[in-house]
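Chain identifiers are assigned alphabetically (A, B, ...) following the order of the sequence lines, protein sequences preceding nucleic acid strands; residue numbering begins at 1 within each chain.
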2 protein chains.
Amino acid sequence: MDPAKPSQELLRSLTDEHVLRALMRHRLLTRAELSTETGISKPTAGESVRRLTEAGLVVDTGRRTPGGRGRGRVGSYYSLAPDVGTALAVSIAPEGVVAECHNAYGDLMARAQEPLGRPARPDDVTAALARAVDRVRQLAGEQPEAGTIHESPSNGVDPSIRPASPGPKPRLAVVSAADPVDRQTGRLLQLPDAPFLLGEIDPVAVLAGRVDGPVHVDNDVNWAAEAEWAAAPVDDFAYVYLDEGLGCAIVSDGEVRRGHRGVAGEVAHLITVGPGGRAMPLIEVFGELGLRCAGSTAIDVGRVLEERPPAVVTAVGGLIAALATLIDPEMVVIGGRWGMQLIDRIDQEVACSPRPVPVRAAKVQHEPALAGARTDALHRLRELIVGR
Amino acid sequence: MDPAKPSQELLRSLTDEHVLRALMRHRLLTRAELSTETGISKPTAGESVRRLTEAGLVVDTGRRTPGGRGRGRVGSYYSLAPDVGTALAVSIAPEGVVAECHNAYGDLMARAQEPLGRPARPDDVTAALARAVDRVRQLAGEQPEAGTIHESPSNGVDPSIRPASPGPKPRLAVVSAADPVDRQTGRLLQLPDAPFLLGEIDPVAVLAGRVDGPVHVDNDVNWAAEAEWAAAPVDDFAYVYLDEGLGCAIVSDGEVRRGHRGVAGEVAHLITVGPGGRAMPLIEVFGELGLRCAGSTAIDVGRVLEERPPAVVTAVGGLIAALATLIDPEMVVIGGRWGMQLIDRIDQEVACSPRPVPVRAAKVQHEPALAGARTDALHRLRELIVGR
DNA sequence: CATTCTAGTCAAGGCTCTTGCCTGGAAAGG
DNA sequence: CCTTTCCAGGCAAGAGCCTTGACTAGAATG
């Protein structure tokens, strides 16, 4: 049965949800402001605040309405309780591991980075992941209490004052990994001819003891597409990532579609047009042209950018044509180092194809995968708090 | 703001929705049965029945609880009002037009078929569509009242008794067409090298005056996939249709994904492996092998089945490999005449590919597109009745 | 110091839901 | 035939949630 059972309790929980969401948007509100903000009547809003305060989700900040605002009676500002919890967003890439901790308002509470040697060995990655997460918990524990307004903390938090407490565990984690991810288990998967830069890692196992709730892992390109969608919501598009590895994310009807195992868009083995018009898997085009790094599956980005071989553009054109026929996107977004550099050539190639699609460069340039993971982590944290 | 605003009216409408849905499932219920069925208390259920009766959505059938059931007081059986409306499901294919009218229980009220000449001319198709819909409305108007239980009527309704009334207009229509459909306008679209069997038809325009509500048009393969999903719910699969035309439907996360224009899965121009290992569009493989009907874009099914050329199987393997990489389906379902006949060959081909996917034949064999359209029409009618 | 304005509370009223009891009527059983 | 058993439906009481409207307390304005 789809619709919720009608009951008075349902109404009450809906009211509480509205109040909590209003506080997430505005961080500091009086009961009267909550009432106008949510459209709920004053007594009901006040009652909800009483309930939520009792439950420990909301606190009276002690602050009162500033004198400048008007003449009336002073009001009490309420906000989310500082212990409603935080969300962890983690990015695992060949360059290193980045972990961020955010509160329910989306404030960055702490951030930690751990570099990785190249090539990264699986054990090193796992250790770096653990260190980054431990460090970010440590830093978050040193933060001034949430609930009082403070500047988004920069990285330069003084590490000399180090209280014993490592800070409370985040209530969930969202992890981005620069490799295919198994949708069921969250483990990194080695696929034939797909890039495999990090090794067989199990982020869920590493984070299980460090997070007090669910751990969601997905491929970095999927998260980048999520960030791209947040920046410019287009319901149907494909995100093609062209760098050391080849990736692709598919957004249909406003959501990233991951497929059964979670490896939708692992395009390395897609059959496309190779040199001389022969049909061959996309990744083999690079092999034929001698553009793969020795002893690894990675593409030699420097050489691609030097030589800019037309055969590569043709091969990418074949990939985009396949996307156009199977997915019917409104546009194709190109990310990754050599993809963005060659975007004009790719655009020309696609424009002459029988099913042309607009091609444009990714808008989110700075840490796109982490940005997507962060957005998702924040969304999930909020859902958790309102009790969905 | 996502969650509904809490109000007493919300509770009431939720109760009414539960009652209506229970009546849709069970067609005939007393107030006491409604109460136990929905989990709502007796007085509340009774009050809802009173409201809905007053609103004309529910009627007292006059029938009373049968003696055999127990000793207690007799109860009144309620059911949906006979005029809550009907849904129209229409299939337009080269073989002809089929129109069906269903009530909210899913009973077939009437059915009409109109053959088409081959090749079908657009004007003929439009006229046949109009005739089929008019005829089905006529037949539905002759039906005994809904609400009293009756057998699913067979096709052989005596046309001699013909009352003047053409029957009320259906509240919505869902149309399947054997050609690409524009998602925004519902018109049939001619794409380069895609099969175009019916011509430039605008079903929305034809049905606008004949239906008292929205008209939804989509490609027949998408509807077939919908029916396949209803028969065996698999969240992620692809439906490949291999007949005169080449089609493909994509189901991700339990929904058919149509893409931006609605032409996701129009695979005729997908680049695959052609004869001699050359890369070429799928449909051109048939051109190269001389397997297309003269003077049309259609594939000569008879010749394909006679010759069973390995090159065709290889080309289809390339299509499925592309689906596997881009969509990551749990399985691929094969439909269409020659596709089903060659399924073993296709399965072998896919099994040796680097990303093998289980391949199986379509389970819904009888009018699959109409079955999907019917399911969807029924679902939409019910949503309309409960007032979503 | 009176006025004006506003946050928060109180009181009344309306709805909706639930529990529990009662009633009328039919079958079952002696 | 009369009593018992059983059940659909209705009634009454009660609790909970939301709303309107009035009231109160407290601060700034003039």
Side-chain angles (χ1 to χ4, degrees), chain A residues 3-19 22-23 26 28-55 58-79, chain B residues 3-19 22-23 26 28-55 58-79:
Chain A
K5 200 185 160 212
S7 71
Q8 317 243 86
E9 193 191 329
L10 175 68
L11 279 194
R12 198 180 38 194
S13 72
L14 239 38
T15 301
D16 290 351
E17 181 172 343
H18 274 89
V19 168
L23 284 174
H26 295 96
L28 216 55
L29 291 171
T30 67
R31 278 175 263 203
E33 287 167 340
L34 272 169
S35 171
T36 57
E37 185 64 30
T38 59
I40 292 166
S41 70
K42 273 197 293 176
T44 303
E47 181 61 14
S48 175
V49 167
R50 198 200 54 69
R51 267 196 306 270
L52 292 170
T53 306
E54 185 150 357
V58 163
V59 290
D60 183 342
T61 58
R63 304 188 74 199
R64 298 295 175 255
T65 44
R69 135 97 87 69
R71 346 194 181 181
R73 173 177 170 181
V74 289
S76 307
Y77 277 122
Y78 289 86
S79 73
Chain B
K5 199 185 161 210
S7 71
Q8 318 243 88
E9 193 191 329
L10 175 68
L11 278 194
R12 198 181 37 194
S13 72
L14 238 39
T15 302
D16 289 353
E17 180 171 344
H18 273 89
V19 167
L23 284 174
H26 295 96
L28 216 54
L29 291 170
T30 68
R31 278 175 262 204
E33 287 166 340
L34 272 169
S35 170
T36 56
E37 184 65 29
T38 58
I40 293 166
S41 70
K42 269 197 297 175
T44 303
E47 180 63 13
S48 175
V49 167
R50 197 201 53 70
R51 267 197 306 270
L52 292 169
T53 306
E54 184 149 359
V58 162
V59 289
D60 184 340
T61 58
R63 306 188 72 200
R64 300 293 176 255
T65 44
R69 135 97 88 66
R71 341 195 186 184
R73 173 176 170 181
V74 289
S76 306
Y77 276 123
Y78 289 85
S79 74

J.: Quick one: label A:Ser41 by what it contacts on the DNA or RNA (base, sugar-phosphate, nothing), any heavy atom closer than 4.0 Å.
T.: base
J.: Counting side-chain heavy atoms from C-beta on, which of D:dG9, C:dT16, C:dA7 comes nearest to A:Thr30?
T.: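 Nearest to the side-chain atoms of A:Thr30, counting from C-beta on, is C:dA7.
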J.: Would you say a side-chain N or O of A:Thr44 is under 4.0 Å from OP1 or OP2 of D:dT19?
T.: yes
J.: Tell me the interatomic distance from A:Leu29, atom CG, to C:dA7, atom P, rounded to whole angstroms.
T.: 12 Å
J.: As a test of reading the structure: which of C:dT18, C:dG8, D:dG9 is closest to the side chain of B:Arg73, going by heavy atoms?
T.: D:dG9
J.: In whole angstrom, give the distance that lies between atom NZ of B:Lys42 and atom P of C:dC22.
T.: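 For the pair B:Lys42 NZ and C:dC22 P, the rounded distance is 13 Å.
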J.: Hey, is B:Arg51 close enough to B:Glu54 for a salt bridge, meaning N to O under 4.0 Å?
T.: no
J.: Could you grab the distance from atom OG1 of B:Thr30 to atom CZ of B:Arg63, nearest 0.5 Å is fine?
T.: 12.5 Å
J.: D:dG16, D:dT20, C:dG8: which one has an atom nearest the side-chain heavy atoms of A:Pro43?
T.: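 The listed nucleotide nearest to A:Pro43's side chain is D:dT20.
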J.: Return the value, rounded to whole Å, for the distance between atom CZ of B:Arg12 and atom P of D:dT19.
T.: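 B:Arg12 atom CZ is separated from D:dT19 atom P by 14 Å.
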J.: Between A:Arg64 (CZ) and C:dA7 (P), how many Å, whole number?
T.: 13 Å
J.: Are A:Thr15 and D:dC18 close enough that a side-chain N or O sits under 4.0 Å from OP1 or OP2?
T.: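 Yes, within the criterion.
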J.: Just how far is it from atom NE2 of A:His18 to atom NZ of B:Lys5, taken to the nearest 0.5 Å?
T.: 8.5 Å
J.: Assess whether one donor atom and one acceptor atom, taken from the side chain of A:Gln8 and the base of D:dC17, lie less than 3.5 Å apart.
T.: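 No.
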J.: Rounded to whole Å, how long is the line connecting atom CD1 of B:Ile40 with atom C1' of C:dT19?
T.: 16 Å
J.: Send over the distance from B:His18 NE2 to C:dT16 P, rounded to a whole Å.
T.: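 For the pair B:His18 NE2 and C:dT16 P, the rounded distance is 17 Å.
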J.: Let me know the distance between CZ of A:Arg50 and C1' of C:dC10, rounded to the nearest Å.
T.: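 One finds 15 Å between C1' of C:dC10 and CZ of A:Arg50, rounded.
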J.: Let me know the distance between CG of B:Leu34 and P of D:dC7, rounded to the nearest Å.
T.: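 About 18 Å, once rounded to whole Å.
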J.: Please pick, from C:dC17, C:dT9, C:dT18, the nucleotide with the shortest atom-to-atom distance to any side-chain atom of A:Arg31.
T.: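 Side chain of A:Arg31 sits closest to C:dT9.
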J.: Between A:Asp60 and A:Val49, is there a side-chain heavy-atom distance shorter than 4.5 Å?
T.: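 A:Val49 vs A:Asp60: side chains apart.
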J.: On DNA chain D, check which nucleotide each of A:Val74 and A:Gly39 is closest to and give me the residue with the more 5' one.
T.: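 Looking at DNA chain D, the more 5' nearest nucleotide goes with A:Gly39.
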J.: How long is the straight-line distance from CG of B:Leu11 back to CG of A:Leu10, given to the nearest 0.5 Å?
T.: 6.5 Å
J.: Nearest to the side chain of B:Lys5, which nucleotide is it out of C:dT18, D:dT19, D:dG10?
T.: D:dT19
